[in-house]
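When reading the values below, keep in mind they use all heavy atoms of this one structure, side chains included, and skip hydrogens, waters and symmetry mates. Throughout, numbering of the chain's residues begins at 1 and tracks the sequence. In each ligand, atom 1 is the first atom listed, and ligand 1 is the first ligand listed.
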Amino acid sequence: MSGTTTVQEKTTTVQERTTTVKEEQGLPTEVPARFDRSAWFRRDRFGMFIHWGPYAVPARGEWVRSHEQIGIEDYQFAVDGFGAEDYDPHAWAELAEAAGMKYAVLTAKHHDGFCLFDSALTEYGSMHNGIGRDLVREFLDAFRARGIKVGLYYSLLDWHRPDYPHYGDLIHPERENPAFADHKPDLESYRAYMHGQIRELCSNYGQLDILWFDFSYEGMGPQEWGAQELIAMVRELQPTALIDNRLEADGGGPGSIVTDAPTDYSGDFASPEQLIPVDGIRAEDGSPVPWEACITINNNWGYAAGDDLWKSPEQLITKLVECVAKGGNLLLNVGPDPRGRIQPEAVERLHAIGAWLAANGESVHGAGPAGLETPEWGYYTRTGNTLYAHVLRPPIGPLALTGGLLPKDIGRITLLADGRELQPCDAWVIKSYPDIPFVQFGEIGHFTYPLPDPVDTVVKIELVDVPRAAQPE
Ligand code: GLC
């Protein structure tokens, strides 16, 4: 049909914006005061998780006793073979520091019940299996010496204890063994042991920065753990220590920490596992909840010799950035072998992360969510009025700083890694987008240039008077 179609002149008047996008959506960006204890944690952002114990001997992961229903006697070969001959916690601490990790969490006792510390309540541990060393104390000393904050993982489950539920339990190695059909657990006795050991850890090893309990499951939860009494003891002995949420939860769900009525043992942070929360983690009122994604470098927490599904250095770097952009931390795991050696594939990846952080660390350490919509080319992180654009996917032409910024918001622009000045783009190609700021990486113009860092090029942008709610610490 002939005729002219008049295109309605679309005029966009850009409202004088007085708030950032997130606030326009009514989502608070300030972390509630109940989480004040974790201010350092929300600045440090990146930690090392270390899963180490006799399960490294069969080298099929830390759940080998449960998965293969191995009895205590048949597991003794692992206890006897766990020698820690090459254990050098100073080398571990040096590696963590080189990786840019600011805190570290070691398994003091995992589900198998074997203690890496000197407990007066049992001889089932490294003091008595031939190693004759308090592996926890040496870990704490070595990491503290490098100024790295320290945490201990403690399994609420204990498959070595006779008073712990066996037959019919959801995951115990003897859960289906008819020889244990008449076994009677004694939870009062078990709680006394478990609380006694946690008292030892909280009393005998100096200030702990994190106590990482693991985990509640069907049939074994806060009541069975004596969580109310336990948390009172921990808060009294270690008032500054952060506690995770697994006295009432597991890696799959946050528990009451996200509700308007958190329990006393709901924890100081949520602990999503092998996953980065899609939109971070918020409480029912929309306020941010501190969280830490714990993730393996291959697919096992404990040493697994046959697991060569190693995540690439590039993926690990960008996933760390994703955690920070979404308001969380990354706790990245290593599983040393029975002698205490960390696999070269893990070492290589940690050094690669550290090299990137050496040039770009201020966009991670001390940073948090930007309060802007996530751009299509990567992520934003932010510290106060300094914005970091993490460009993971190269643009054609200049980079559009989408997400809620206006050209008037943009001050000085530099490449974080070397400080070179970058220019806002005003080339003809962007004329259709007067209310979106653009940055160009090359000469003035609109040509496409390779990104300086093929993994994550960080553009540092000083924002000009962009009001925002208080920056989450
Ligand atoms: C799960 C696993 C446990 C591991 C923990 C790490 O709870 O059961 O083996 O230590 O995740 O977050």
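A distance of 4.0 Å separates CD of Glu174 from CZ of Phe180, quoted to the nearest 0.5 Å.
Asn360 and Glu362 are not linked by any side-chain donor-acceptor pair at a separation below 3.5 angstrom, with hydrogens and angles left out of the test. Checked by atom type, the side-chain pair Arg282/Ser287 shows no donor-acceptor distance below 3.5 Å.
Ligand 1 has a nitrogen or oxygen under 3.5 angstrom from a nitrogen or oxygen of Glu273.
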Given salt bridge (Lys or Arg N to Asp or Glu O under 4.0 Å), test Arg191 with Glu224 step by step and report yes or no. CA-CA 8 Å; Arg191 277 191 292 270; Glu224 288 71 26; over 6 Å; no
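When each atom of ligand 1 is checked for a heavy atom of His111 under 4.0 Å away, the hits are 3 (C), 8 (O), 9 (O). Annotation for ligand 1: atoms under 4.0 Å from non-hydrogen atoms of His110 are 3 (C), 4 (C), 9 (O), 10 (O). Within the listing of ligand 1, atoms 12 (O) sit less than 4.0 angstrom from a heavy atom of Trp212. Shown in contact with Tyr153 at under 4.0 Å from a heavy atom are these atoms of ligand 1, numbered in order with element: 10 (O).
At the shortest separation from atom 5 (C) of ligand 1 among protein heavy atoms lies Asp214 OD2, 3.4 Å. Protein heavy atom nearest atom 9 (O) of ligand 1, with residue, atom name and distance: Glu62 OE2, 2.7 Å. Among protein heavy atoms, atom 10 (O) of ligand 1 sits closest to His51 NE2, 2.6 Å.
Residue-ligand proximity: Cys294 is placed with a non-hydrogen atom under 4.0 Å from ligand 1.
Paired with Trp159 under the rule ring-ring contact (aromatic ring centres under 6.0 Å, His included), one option of Tyr164, Tyr55, Trp63 passes, and it is Trp63.
When Phe49, Trp63, Phe215 are ranked by how near their heavy atoms come to atom 2 (C) of ligand 1, first place goes to Trp63.
Both tests hold for Arg161 against Tyr193: distance to the six-membered ring centre under 6.0 Å, angle to the ring axis within 45°.
Ring-plane geometry between Phe117 and Tyr205 is classed as perpendicular, the angle between the planes exceeding 60 degrees on a 0 to 90 degree scale with a lower cut at 30.
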